[in-house]
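Residues take their numbers from the sequence shown, with the count starting at 1.
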Amino acid sequence: MSYARVLCVGLVGVAGHVVEVEADLSAGLPAVLLTGLPDTALHEARDRVRAAVVNSGETWPNRRMTVNLLPAALPKHGSSFDLAIATAMLASAGELPPAPLEGVVLLGELGLDGTVRPVRGVLPMVAAAARAGLTRVIVPLGNASEATVVPGLTVRAVDSLRGLINFVRGTAPLLDPPPPGPSPAHAGPDLADVAGQELGRYGLEVAAAGGHHLALFGPPGAGKTMLAERLPSILPELDDDAALEVTALHSIAGMLPSSGRLIRRPPFQAPHHTASSAALVGGGTGLAQPGALSLAHRGVLFLDEAPEIARATLQALRQPLESGRIVLARARGTTEFPAQVQLVIAANPCPCAAAAGDQYCTCAPTARRRYMSRLSGPLLDRIDIRVTLRPLTAAQLITTSAPAIPSADVAKRVAQARAAATARWDRVNATVSGPTLRQPPWRLPATDTAGLRTAVDRGILSARGFDRVLRLAWTIADLDGRERPCRNEVDEAIQLRMGDSGGTGN
């Protein structure tokens, strides 16, 4: 037999596509031709596969071999095709019977000694195979726990090309996936660690309840970073669909935990303020890879020292914050990643950042304005809640008479508020469309929105800000257990939006 075909899966962004790996032997000078838009790593598979086959004790076909990856118009990248290419070549040379591999997806990178090494992105690849109606997959042993996350599939593992060859020939079984590891502990930073800052805690709670973006301003040591790091601790755990999305993204980035379980806790990403645009929103040569924005999908993206971040990098966030996705166009194709995040930014009020507050600031007013102007108006217009934190007093740091409320208690209120929003319009308040809020039956009476309409007419709020204040008002009402917001909630939402709130924490 001079022709064989096996199945593999290729990734474009987070979307998997079943790829047919065809191998054909013909007369001619010995050579290996690889077609089907392979990238550099895939071109080098010819040498890896040859060494792996020979070092596994098999005879390398001394003929002209053509390997085609279908569909030919789909860009292929990475080393996950190695195992499928080696198997197809051996089957086309008559060294392996093709029947045991019919309808089986093969994934894995080959070492020169024939070992099968783990690859990135196995979870979305296996999920794509399941959507295509395939039921059997063979993956590297290091990826087996990850692959078993997808239901309805028979997953087997292999640690060497020799092991796969013995299975196809019927002389040895494949390996079973290892049992799932223990669930990762969710212990982390707790809101009980935050001293004082009732307004900051309240802003954090409102942000969590409605899925709103948050900006924290204040001097060093006021607790901006502590509050931001504790936002995931009061967010609900991810449901199955969201957890699968998040786990797939971390699989592509090679950041998946070894436990082999779905990521249930909302992710938290805090890139350094020197991070480039590519590191933040994604990029790279060839097909783009996910950045911190996508790795924070369904979780929190925290940008500390936001005015120190390059302006172009910050501006790159504007469109994804609106659409919930990031589209990266490159020479080899366009890649799309999900990016539904809660953005939290933190900033000092001025370059000198006097720890004791404005009274000790040495910056000129122009320097302060220039510093804060690095956060552009269009970006700030997309941030719902702006909280200014005051310096802590010694009494707030050492008092023990009224311990701070822990994250678990706040998380219960957040869950109840989110449940009310979900029952009302099947989503969190921050993602409800403006027309929905402005039309019956959800339009608020004119007497309740008088201050809001005045702010828009005076140019204090934009049209986008109008809708975002309404969303905030609904979230505040949900936290208070009200069916609908009234004038008090709308006015409080305006204060949170403008950054001069005098509200109290719950």
Sidechain-backbone polar pair: R120 side chain, S80 backbone, donor-acceptor under 3.5 Å
no
Rounded to the nearest 0.5 Å, what separates atom CD1 in I326 from atom CD in Q319?
5.5 Å
Just do the side chain to side chain contact (heavy atoms under 4.5 Å, CB included) check on L238 and L262 with the steps written out, would you?
CA-CA 9 Å; L238 303 176; L262 290 175; over 6 Å; no
SB check R390 E198 (cutoff 4.0 Å):
no
So, taking the atom named CZ in R374 and the one named CE in M372, what distance separates them when rounded to the nearest 0.5 Å?
10.5 Å
For the pair V432 and W474, evaluate side chain to side chain contact (heavy atoms under 4.5 Å, CB included) and give the outcome as yes or no after the intermediate values.
CA-CA 10 Å; V432 178; W474 279 99; over 6 Å; no
Using the rule given for side chain to side chain contact (heavy atoms under 4.5 Å, CB included), can you reason through D193 versus D190, listing the C-alpha separation, both sets of side-chain angles and the distance that settles it, and then say yes or no?
CA-CA 6 Å; D193 303 330; D190 195 282; 4.1 Å; yes
Please round to the nearest 0.5 Å and tell me the distance separating atom CD1 of I234 and atom CG of D409.
11.5 Å
Has T247 got a side-chain atom pairing as donor or acceptor with I263's backbone, closer than 3.5 angstrom?
yes
Between CG on residue L389 and CG on residue L199, distance to nearest 0.5 Å
7.0 Å
Taking all non-hydrogen atoms of both residues into account, name the closest pair between A292 and Q269 and its distance.
O-CG, 3.7 Å
Electrostatic pair R46-D82, nearest N-O below 4.0 angstrom:
no
After noting the C-alpha distance and the side-chain angles of R117 and D159, does the key distance pass the salt bridge (charged side-chain N to carboxylate O under 4.0 Å, His left out) rule?
CA-CA 7 Å; R117 303 178 182 275; D159 59 0; over 6 Å; no
Roughly how far, to the nearest 0.5 Å, is CG of N429 from CG of D384?
10.5 Å
Does P435 have any side-chain contact (heavy atoms from CB on, under 4.5 Å) partners at least two apart in sequence or in another chain, and if so, which?
S433, R438, Q439
Please check if the side chain of T422 supplies one atom and the backbone of A419 the other of a donor-acceptor pair under 3.5 Å.
no
Any non-hydrogen side-chain atom of E205 less than 4.5 Å from a side-chain atom of L191?
no
Just distance, no hydrogens or angles: give the donor-acceptor pairs under 3.5 Å from side chains in residues 337-347, sequence neighbours left out.
| unit_1 | atom_1 | unit_2 | atom_2 | d |
| --- | --- | --- | --- | --- |
| Q342 | NE2 | A207 | O | 3.0 |
| Q342 | NE2 | H212 | O | 2.9 |

Applying the side chain to side chain contact (heavy atoms under 4.5 Å, CB included) criterion to V155, which one of V150, I138, T148, V122 satisfies it?
T148
Is a salt bridge present between E336 and R325, judged by a nitrogen-to-oxygen distance below 4.0 Å?
yes
Would you say the side chain of P485 lies within less than 4.5 Å of the side chain of D480, judging by non-hydrogen atoms?
no
Looking at R318, is its backbone amide N or carbonyl O close enough to the side chain of R382 to form a donor-acceptor pair, meaning the two atoms are under 3.5 Å apart?
yes
Determine, step by step, whether L123 and L244 satisfy the side chain to side chain contact (heavy atoms under 4.5 Å, CB included) criterion, reporting the C-alpha distance in whole Å, the side-chain angles of both residues, the deciding distance to 0.1 Å, and the verdict.
CA-CA 9 Å; L123 177 57; L244 191 60; 4.0 Å; yes
So, for V456 and S462, which heavy atoms are closest and what is the spacing to 0.1 Å?
CG2-O, 4.3 Å
Taking all atoms of both residues into account, what is the closest heavy-atom pair of I252 and P124, and its distance?
CG1-CG, 3.9 Å
Please set out all donor-acceptor pairs under 3.5 angstrom arising from side-chain atoms of residues 215-229, sequence neighbours excluded.
| unit_1 | atom_1 | unit_2 | atom_2 | d |
| --- | --- | --- | --- | --- |
| K224 | NZ | G218 | O | 3.0 |
| K224 | NZ | P219 | O | 3.0 |
| K224 | NZ | N348 | OD1 | 3.3 |
| T225 | OG1 | D304 | OD2 | 3.0 |

Check: V126 and N143 side chains under 4.5 Å, non-hydrogen atoms
no
Does a salt bridge link R497 with D381, judged by any charged N lying under 4.0 Å from a carboxylate O?
yes
Reported CH2-to-CG distance for the pair W442 and L470, which is rounded to 0.5 angstrom
13.5 Å
Would you name the heavy atoms of V105 and A129 that are closest together and state the gap between them?
CG2-CB, 4.0 Å
Is there side-chain contact between V194 and L204, with heavy atoms separated by less than 4.5 Å?
no
Tightest non-hydrogen contact, residues S407 and S233, listed as OG-OG, 2.8 Å
Check for a donor-acceptor pair, side chain of D39 on one end and backbone N or O of L42 on the other, with a separation under 3.5 Å.
yes
Donor-acceptor contact below 3.5 Å, side chain K76 vs main chain L70
no
Are S376 and Q315 packed together at the side-chain level, in the sense that at least one heavy-atom pair is separated by less than 4.5 angstrom?
yes
Determine whether L293 and V281 make a side-chain contact, defined as any pair of heavy atoms from C-beta on separated by less than 4.5 Å.
yes
Looking only at heavy atoms, the pair that brings C8 and A84 closest together is CB-CB, 4.0 Å
Is there a donor-acceptor pair under 3.5 Å between the side chain of H77 and the backbone N or O of L11?
yes
Are L110 and L83 side-chain neighbours, meaning at least one heavy-atom pair lies under 4.5 Å?
yes
Hey, are the side chains of V137 and M125 touching, using non-hydrogen atoms and a 4.5 Å cut-off?
no
